[in-house]
Amino acid sequence: INEPPPGVDLTGEDISFNESLYRRMGSSYPINYTLLNGGNLDYTGGTAITVRYFLSLNDIISPLDIPLGDININEALPKKSRLENRETTISIPEGIETGAYYLAMLIDKDETLDETDETNNTILSNNKYFVIEKESDVPHFAFATGTGGKYSLSINGFSAVNEELA
């Protein structure tokens, strides 16, 4: 049996904005997320790690993404455990392009912590969120989710599920 090397392995899941599917530029919103330690050693919290939040037009974190801010985490996370329903507040910057964005987070952005797997530190929301101008009137909006060429689309409460995109 091949056992993984001893160490900490931080990752995350379930990153999302609370409530509605659109966000106004220049406003602050709470987000929820879950942190996990899949490693076989405890993360003691003695060395703070930095988590950076982004808006991303696609499912790849890149220099083109819009940074939303950083938080430092130094809360202990025992091996094979999770910190669920964590919350922080981020602000949507003004002057960015309106459109549909994933919410993303990069755990241990400075690679302060030596982990057994450094490739699983980027987490994306399951849904895209619409970023609109601060003064926009939003009586109607659309919302899309999905991966691999299959998407669900909802416009004003009407849905199309598993539609193939050309």
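Within the 4.5 Å cutoff, side-chain heavy atoms of Phe54 are placed close to those of Leu106. Considering only heavy atoms from C-beta on, Thr122 stays 4.5 Å or farther from Ile107 through its side chain. For the pair Thr88 and Ile31, the minimum side-chain heavy-atom distance is below 4.5 Å. The shortest distance between side-chain heavy atoms of Ile71 and Val51 falls below 4.5 Å. At least one side-chain heavy atom of Leu36 sits under 4.5 Å from a side-chain heavy atom of Glu13. Side-chain contact check for Leu103 versus Leu124: every heavy-atom pair is 4.5 Å or farther apart. The closest side-chain heavy-atom distance from Met25 to Ile96 is below 4.5 Å. In this structure, the side chains of Leu83 and Glu75 come closer than 4.5 Å at one or more pairs of heavy atoms.
In the model, Glu115 has a side-chain atom that pairs as donor or acceptor with a side-chain atom of Asn121 under 3.5 Å. A donor-acceptor pair shorter than 3.5 Å can be found between the side chains of Thr50 and Asn72. Residues Ser125 and Asn127 have side chains that never bring a donor and an acceptor to within less than 3.5 angstrom of each other. Using a 3.5 Å distance cut-off with no hydrogens or angles, the side chains of Asn120 and Asp9 do pair a donor with an acceptor.
Note: Tyr53 and Tyr33 have tilted aromatic rings, judged against thresholds of 30 and 60 degrees for the angle between ring planes.
Checked by atom type and distance alone, the side chain of Asp117 pairs as donor or acceptor with a backbone atom of Thr119 at under 3.5 Å. Using a distance-only test at 3.5 Å, with no hydrogens or angles considered, no donor-acceptor pair links the side chain of Tyr43 to the main chain of Asn74. Looking at Lys80, its side chain does come within 3.5 Å of a backbone N or O of Gly38 through a donor-acceptor pair.
A 6.0 Å sphere centred on CD of Glu87 holds more than 12 heavy atoms belonging to other residues, nucleotides or ligands.
In this structure, Phe17 has its ring center under 6.0 Å from that of Tyr129.
Glu118 pairs by the salt bridge (Lys or Arg N to Asp or Glu O under 4.0 Å) definition with nothing, not counting sequence neighbours.
Atom CD1 in Ile90 sits 7.5 Å away from atom OG in Ser28 (nearest 0.5 Å).
Taking the charged nitrogens against the carboxylate oxygens, Asp42 and Lys79 have no contact shorter than 4.0 Å, which rules out a salt bridge.
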